[in-house]
Amino acid sequence: MDAFAVFRNRVEEKLINLYPELSDNKAALSRFVVEPPRDASHGDLSCNAAMVLSKTLKSNPRAIADSIVAAFEGDPQVANIEIAGPGFINFTLTPDVWQSVIADANEQGADYGRPAVAPVGKVNVEYVSANPTGPLHVGHTRGAVFGDALASLMAFCRYEITREYYINDAGGQITVLANSAYLRYCQALGDDIGEIPAGLYPGKYLIPVGKALAEQFGDKLKSMDDAEREATIRPVVLEKMMDMVRADLEKLGIKHDKFFSESTLHGGGNGGDIKETLDWLREQGLVYQGTLEAPKGKTPEEWEDREQTLFKATQFGDDTDRALVKSDGSYTYFAADIAYHRNKYLRGYNSQIVVLGADHAGYIKRLGAAGKAVSGGEAEVDVKICQLVNLLRNGQPAKMSKRSGNFVTMANLVEEVGQDVVRFIMLFRRNEAPLDFDFDLVTQQTRDNPVFYVQYAHARACSAFRNAARDVPELDVSPDSLKSADLSLLSHPAELTLLKVMGQFPRAIEAAAVAHEPHRVAFYVHELAGAFNAFWTKGKEEPQLRFVNHEDRTITLARLAMVNAVRQILRNGLGILGVSAPDELS
RNA sequence: GGUCCCGUAGCUCAACUGGAUAGAGCAGCUGACUUCUAAUCAGCAGGUUGCAGGUUCGAGUCCUGCCGGGAUCACCA
């Protein structure tokens with residue numbers, strides 16, 4: 001049970017009893033919260049209902065608070081209740097409420113923290129979606145980790161989640177890719193290709209692709225005309241590129257459920273494709289022929305004033321209407337994007353999350369507009385922007401030379417510092433804040449390094465069990481035995497402090513999922529690790545607080561039950577982030 | 001010029017979506033180590049939350065206008 005949720009319900013019940021007119025006013029009732037007070041001296045739980053409902057009830061907050069407090073008279077789990085400040089109701093709970101967190105965590109195990117009821121509706125999380133023209137680099141990594149952790153977080157909270165990758169395989173860059181691969185193919189057949197011409201991809205990763213083409217086709221590609229050759233090469237190269245992307249993602253532990261190919265939107269008739277979508281938009285009166293004004297910063301010479309096919313994006317909150325058809329008659333990228341959002345909507349996703357890089361900030365409004373337009377306002381499109389990652393070495397910018405075509409790939413990054421570090425560091429920051437990634441700092445095993453700090457706390461928890469097995473081998477610490485522990489022994493203030501942090505896990509998780517903010521999970525496990533380390537050190541000053549007590553088996557068992565719960569919560573939190581929880585650190 | 005993001009302790013960042021006296025870590029002082037119960041912990045010090053207004057019981061958070069930093073700005077993807 002989550003004490004915060006339980007007491008919120010309890011307050012709501014009492015409010016409806018006291019003020020029957022609230023029973024059909026869900027909106028008002030949904031506005032108050034029960035949360036931990038900032039200052040621990042205010043108690044365990046704080047409720048703002050009296051202030052929030054003051055207007056609705058046309059009564060002053062103090063009077064409402066008084067009536068709520070009176071209604072809690074006799075509640076066996078309330079040790080103290082008082083009104084403070086402008087009308088906060090502060091609860092201090094009896095220790096057994098917090099002690100029960102241990103039993104819950106140990107009993108529910110990997111499910112501890114999971115909300116009881118599943119939210120309605122399917123959620124599509126689209127992330128990475130990098131152009132399949134080369135290896136993933138560090139710029140893709142943050143979005144990849146963020147999207148993956150967000151999907152895991154929401155899946156943990158029982159949302160029906162699909163992890164999706166949109167393959168941009170319909171544009172001109174794939175033609176360039178095919179031509180680049182053809183050059184490597186010629187090279188594989190023994191031709192001297194010299195310098196890679198400007199405009200083609202120079203990367204060495206295409207060399208094996210060229211070899212594969214040579215093995216598959218012999219010299220047949222050379223005798224084809226350009227169109228036939230491209231049509232032949234394209235799917236083969238694309239597949240190779242996507243294999244590479246998938247392999248890179250796997251190094252970070254990322255696996256998508258669905259790879260959606262943009263080119264399928266350009267084909268015909270499978271529902272939700274571009275033509276059908278544009279026809280549908282036309283029926284809605286959202287498409288017209290017109291001209292756009294030149295942006296203020298552009299000089300008239302840079303601007304070709306021309307009539308084009310436009311989507312009324314402004315009607316849905318965008319800043320300008322958007323072109324759907326290019327001057328050569330083909331569809332714009334955005335036209336495909338609208339169709340893609342419609343496709344997702346038709347597949348039943350009323351909630352669509354799109355994770356993009358910092359350079360796509362300008363897309364938030366237009367994607368939101370697309371989502372609203374194609375769903376008649378039913379689908380929510382939440383665009384999450386991940387800001388830039390600054391790579392540092394020893395505090396100095398780790399410059400990458402763009403000229404030589406060298407860049408830090410995702411694979412390099414993971415190889416150098418490991419999956420856990422990459423993932424945790426990238427999640428230990430709000431997504432919209434820029435991130436410094438210092439190679440030297442993130443590999444240190446010190447307090448400065450949050451990944452290490454949290455993993456160390458988990459390893460310590462495990463070591464408590466190793467020590468117990470060594471020092472009191474006759475003590476049964478099996479799950480069943482831990483279940484029988486007398487948790488009421490854990491009433492020392494230091495223990496209650498730790499237990500209260502533990503008890504916040506469920507609401508922290510749920511709030512993070514609702515807000516689409518996985519970084520909160522990272523901050524939570526960091527806080528729990530701190531609370532655990534603090535308690536651990538207390539055992540130094542006060543030996544009776546040590547986990548293993550040679551004289552007293554019952555307190556040892558209770559303490560180990562608590563340690564096991566800490567370990568479980570850390571595992572659950574880290575599991576959501578995709579970071580391992582090692583039993584020992586080397 | 002438009003739009004979006006950011007601006008919080010010397011530094012790097014939080015603040016549970018409007019709650020109470022704005023919190024952590026680093027750096028600086030003080031103290032605690034037979035290194036898996038110090039890879040850590042406790043304490044001290046550090047603030048006009050960029051500026052000015054507004055909304056209300058209450059603002060770092062919401063609205064307006066400025067200042068500073070970054071990103072982006074038809075037809076590429």
Side-chain angles (χ1 to χ4, degrees), chain A residues 4 31 33 35-39 41-42 46 48 51-52 54-55 60-62 84-88 90 131 133 168 170-174 262 291-298 302-306 308 310 318-323 325-328 330 332-334 336-337 357-365 383 385 387-388 395 428-430 432-436 438 441 444-450 452-453 456-457 459-464 466-467 504 507-508 510-512 514-515 517 519-520 523-524 526-527 530 533-541 543 545-548 584-585:
Chain A
F4 298 92
R31 292 212 317 273
V33 295
E35 59 188 358
R38 269 191 185 163
D39 188 335
S41 70
H42 289 133
S46 175
N48 63 356
M51 292 173 296
V52 168
S54 166
K55 260 193 191 146
N60 79 66
R62 206 79 196 184
F88 288 101
N90 293 329
N131 275 336
T133 54
N168 300 137
Q173 85 280 9
I174 304 300
E262 181 194 352
T291 55
L292 291 174
E293 279 180 34
K296 291 263 163 57
K298 295 262 183 188
E302 293 173 313
W303 182 259
E304 184 191 343
D305 194 18
R306 147 170 75 75
Q308 39 190 350
L310 298 170
D318 201 355
D319 306 312
T320 175
D321 290 340
R322 303 285 173 184
V325 181
K326 294 189 239 172
S327 48
D328 68 359
S330 62
T332 62
Y333 180 78
F334 183 56
D337 237 356
D359 52 341
H360 288 70
Y363 279 64
I364 298 175
K365 284 186 179 179
V383 181
I385 296 292
Q387 282 297 334
L388 298 173
F428 198 60
R429 177 81 71 254
R430 256 167 42 249
E432 62 264 20
L435 170 75
D436 287 342
D438 191 317
L441 196 62
Q444 276 174 28
Q445 298 204 332
T446 67
R447 185 84 169 83
D448 309 0
N449 180 357
F452 165 77
Y453 186 69
Y456 178 59
R460 270 184 148 179
C462 293
S463 88
R466 285 192 293 272
N467 293 343
Q504 285 182 37
R507 66 184 295 280
E510 195 168 359
V514 168
E517 291 184 351
H519 77 273
R520 292 196 201 177
F523 278 96
Y524 174 82
H526 191 252
E527 188 189 346
N533 281 331
F535 184 80
W536 182 287
T537 305
K538 273 231 163 62
K540 185 79 190 161
E541 299 149 16
L545 285 179
R546 294 188 179 198
F547 299 126
V548 178
E584 293 184 76
L585 295 177

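Note that these values count all heavy atoms, side chains included, but never hydrogens, waters or copies made by symmetry.
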Separation of B/U40 C1' from A/L585 CG (nearest whole Å): 13 Å
On a heavy-atom basis, which atom in A/N168 and which in A/I174 lie closest, and how many Å separate them? O-CD1, 3.7 Å
For A/D328 and for A/L388, locate the closest nucleotide of RNA chain B by heavy-atom distance; then report the residue assigned to the nucleotide nearer the 5' terminus. A/L388
Name the nucleic acid region contacted by A/K365, choosing base, sugar-phosphate or nothing; use a 4.0 angstrom heavy-atom cut-off, strictly under. sugar-phosphate
Candidate nucleotides B/C57, B/A38, B/A15, ranked by approach to the side chain of A/R430 - the nearest: B/A15
So which heavy atom on A/G530 is nearest to which on A/Y453, and how close? CA-OH, 3.0 Å
Rounded C1' spacing from B/C5 to B/U61 in Å: 16 Å
Indicate, yes or no, whether a donor-acceptor pair under 3.5 Å links the base of B/C16 to the side chain of A/R507. yes
For A/F523 and B/U12, what is the distance between atoms CZ and C1' respectively, to the nearest whole Å? 10 Å
Between B/A24 and B/G47, how far apart are the two P atoms, rounded to whole Å? 15 Å
In Watson-Crick or G-U wobble terms, both distances under 3.5 Å, what is the partner of B/C33? none
Distance between the C1' atoms of B/C6 and B/C44, in whole angstroms? 32 Å
Paired with B/A22 by Watson-Crick or G-U wobble geometry, both distances under 3.5 Å: which nucleotide is it? none
Checking all strands, does A/V514 fall into the base, sugar-phosphate, or nothing category for heavy-atom contacts under 4.0 angstrom? nothing
Using the purine O4'-C1'-N9-C4 or pyrimidine O4'-C1'-N1-C2 torsion, is B/U34 syn (within 90° of 0) or anti? anti
Rounded to the nearest Å, what distance is computed from the CD1 atom of residue A/I385 to the P atom of nucleotide B/U3? 17 Å
If I take atom CZ in residue A/F535 and atom P in nucleotide B/U37, what distance separates them, rounded to the nearest angstrom? 14 Å
For A/P36, report the nucleic acid contact type (base, sugar-phosphate, nothing); a contact means any heavy atom under 4.0 Å. base
When all nucleic acid strands are considered with a 4.0 Å heavy-atom cut-off, which category describes A/Y524: base, sugar-phosphate, or nothing? nothing
Test side chain to side chain contact (heavy atoms under 4.5 Å, CB included) on A/R460 and A/W536; report intermediate values, then the result. CA-CA 9 Å; A/R460 270 184 148 179; A/W536 182 287; 3.3 Å; yes
How many whole angstroms separate atom CD of A/E432 from atom C1' of B/U72? 17 Å
Side-chain N or O of A/H360 closer than 4.0 Å to phosphate OP1/OP2 of B/C76: no
Contact list (N/O, under 3.5 angstrom) for nucleotides 19-29 of chain B vs protein:
residue : atom : partner : partner atom : Å
B/G19   : N7   : A/N48   : ND2          : 3.2
B/A20   : OP1  : A/R38   : NH1          : 2.9
B/A20   : OP2  : A/R38   : NE           : 3.0
B/A20   : OP2  : A/R38   : NH1          : 2.8
B/A20   : N6   : A/S46   : OG           : 2.4
B/A20   : N6   : A/N90   : OD1          : 2.6
B/A20   : N1   : A/N90   : OD1          : 3.3
B/A20   : N1   : A/N90   : ND2          : 2.8

Gap in Å between the two C1' atoms, one belonging to B/C62 and one to B/G1, rounded: 27 Å
Determine: side-chain N/O of A/Y453 to OP1/OP2 of B/A38, distance under 4.0 Å, yes or no. no
Considering every strand and a 4.0 Å limit on heavy-atom distances, what is the contact class for A/A508: base, sugar-phosphate, or nothing? nothing
Pair partner, B/C44 [Watson-Crick or wobble, under 3.5 Å]: B/G28
Check the orientation of A/Y456 and A/F452. Use parallel for under 30°, tilted for 30 to 60°, and perpendicular for over 60°. parallel
Should A/S463 be listed as having a side-chain N or O under 4.0 Å from OP1 or OP2 of B/U37? yes
Between C1' on B/U17 and CZ on A/R31, what's the gap in Å once rounded to a whole number? 14 Å
Please work out if A/E517 contacts a base, only the sugar-phosphate, or nothing of the nucleic acid, heavy-atom cut-off 4.0 Å. base
Just wondering, do A/R38 and A/S46 contact through their side chains at under 4.5 Å, heavy atoms? no
Identify the heavy atoms of A/F4 and A/E35 that sit nearest to each other, and give their distance. CE2-C, 3.7 Å
Classify the nucleic acid contact of A/R429 as base, sugar-phosphate or nothing, counting any heavy atom under 4.0 Å across all strands shown. sugar-phosphate
Compare every heavy atom of A/R546 with every heavy atom of A/K540, then report the nearest pair and how far apart it is. CA-NH2, 4.3 Å
So what's B/G7 paired with, Watson-Crick or G-U wobble, going by both distances under 3.5 Å? B/C67
Least distance between heavy atoms, A/G85 atom then A/R62 atom: O-NH1, 3.1 Å
Pick the C1' atom in B/A20 and in B/A52, then give their distance to the nearest Å. 26 Å
Taking for A/R520 and for A/F428 the nucleotide of RNA chain B with the nearest heavy atom, the one nearer the 5' end belongs to A/F428
Taking the same atom, P, in B/C13 and in B/G7, what whole-Å distance lies between them? 10 Å
Whole-angstrom distance between B/C41 and B/G50, as gauged at atom C1': 36 Å
Apply side-chain contact (heavy atoms from CB on, under 4.5 Å) to A/A170 and list each qualifying residue two or more places apart in sequence or on a separate chain. A/E262, A/S263, A/H266
Provide, to the nearest angstrom, the distance between the CD atom belonging to A/E510 and the P atom belonging to B/C16. 16 Å
Roughly, in whole Å, what's the span from CG in A/L545 to P in B/U37? 15 Å
A/V325 and A/T332: which non-hydrogen atoms are nearest, and at how many Å? N-CG2, 3.8 Å
Determine the interatomic distance between C1' on B/U37 and the same-named atom on B/A42; round to the nearest Å. 15 Å
